[in-house]
There are 2 protein chains.
Amino acid sequence: MEGALAVDDLTEMLKGTLEGCVLEIIGGEETYGYAITRRLNELGFADVVEGTVYTILLRLERNGLVQVTKRPSGMGPPRKFYALNNAGREEVARFWTKWEYLSSRIDKLKEGGR
Amino acid sequence: MEGALAVDDLTEMLKGTLEGCVLEIIGGEETYGYAITRRLNELGFADVVEGTVYTILLRLERNGLVQVTKRPSGMGPPRKFYALNNAGREEVARFWTKWEYLSSRIDKLKEGGR
DNA sequence: ACCACTACACGGTATCACGGAGTACCGGCG
DNA sequence: CGCCGGTACTCCGTGATACCGTGTAGTGGT
């Protein structure tokens, strides 16, 4: 019954897009790593695991795209909440531009490719 | 005047998709590396260079997805023509399934992401 | 003879998603 | 009280991929 989905491994295809997805989620509301992972799983990115998301979050922080606030949880260890700053908002806009561009080219190739 | 396109660097986003694009092009007609590179450039993948395409072609050959035929050119050195075999046709179908899946998830995230 | 265009191959680099191990805080169970 | 499961974050190593420069080679034009 487990992941009997049509797709077995999106890993390589997610390169470059997963970071954008995380940015978009953070842009929607201030949130933290564990919740982002769950959110991604719900959205259909079923195989994305915590280690991957945390790597991305650390990278976002290192690149100065997010503002980080640590808050106690009551449900376990303290959480690190992430919110976009100006640079982050610009980056997420760039991401969507790139995605739009790429997906239009690919769809065109798929249609009139021959 | 230089590449004043809306997108500066698709490199990371192309990971996992470029190989599928090459497969699709080969599936359309038997062709060779140099021409595939030109075709990709025409299609909007402007920054894809020959070295990249050749590594993909070597990989496809190594993975037994293509049938290779060397033919003299008259326009330079001999060309290696690539055509899909059965495994290659299955692979390109899998690619489009994955692409469909991924792009639908991403578009959903973009719309109702919150 | 030189140069430009065509055409392919190779080696090294950077980036990214993944996976496992480790740490830590909390609540419920027997 | 001790153990386990769920929550939550960190670190490090691995594998896959696209990129880039360089080299090799064949053809034709001047």
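The sequence lines fix the lettering, A, B, ..., with proteins before strands; numbering per chain opens at 1.
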| Partners passing side-chain contact (heavy atoms from CB on, under 4.5 Å) against B:R59 (at least two apart in sequence or in another chain) | B:E19, B:I56, B:R62, B:N63
| remark: By side-chain contact (heavy atoms from CB on, under 4.5 Å), A:V68 pairs with (sequence neighbours left out) A:E61, A:V66, A:K80, A:Y82
| query | Pairs in or reaching into residues 50-80 of chain B: which pass ring-ring contact (aromatic ring centres under 6.0 Å, His included), with residues at least two apart or in two chains? | reply | none
| What integer distance in Å separates B:L40:CG from D:dC19:C1'? | 14 Å
| query | Could you run down nucleotides 2-9 of chain D 5' to 3' and tag each one B, S or - for protein heavy-atom contact under 4.0 Å? | reply | -----BBB
| task | Could you tell me which residues satisfy ring-ring contact (aromatic ring centres under 6.0 Å, His included) with B:F81, sequence neighbours excluded, listed by chain and number? | result | B:Y32
| said: Run the side chain to side chain donor-acceptor pair (under 3.5 Å) test against A:D47 and tell me which residues pass, sequence neighbours left out. | reply: none
| note | Residue set satisfying side-chain contact (heavy atoms from CB on, under 4.5 Å) with B:N85, at least two apart, ordered chain then number -> B:A87
| said: Going by side chain to side chain donor-acceptor pair (under 3.5 Å), name the residues that satisfy it together with A:E100, two or more places apart in sequence or in a different chain. | reply: B:K110
| query | How does protein contact run along nucleotides 11-22 of chain C, one letter per nucleotide 5' to 3', with B for base contact, S for sugar-phosphate only, - for none, heavy atoms under 4.0 Å? | reply | ----BBSBS---
| Any donor-acceptor pair under 3.5 Å linking the side chain of A:Y34 with the backbone of A:R79? | no
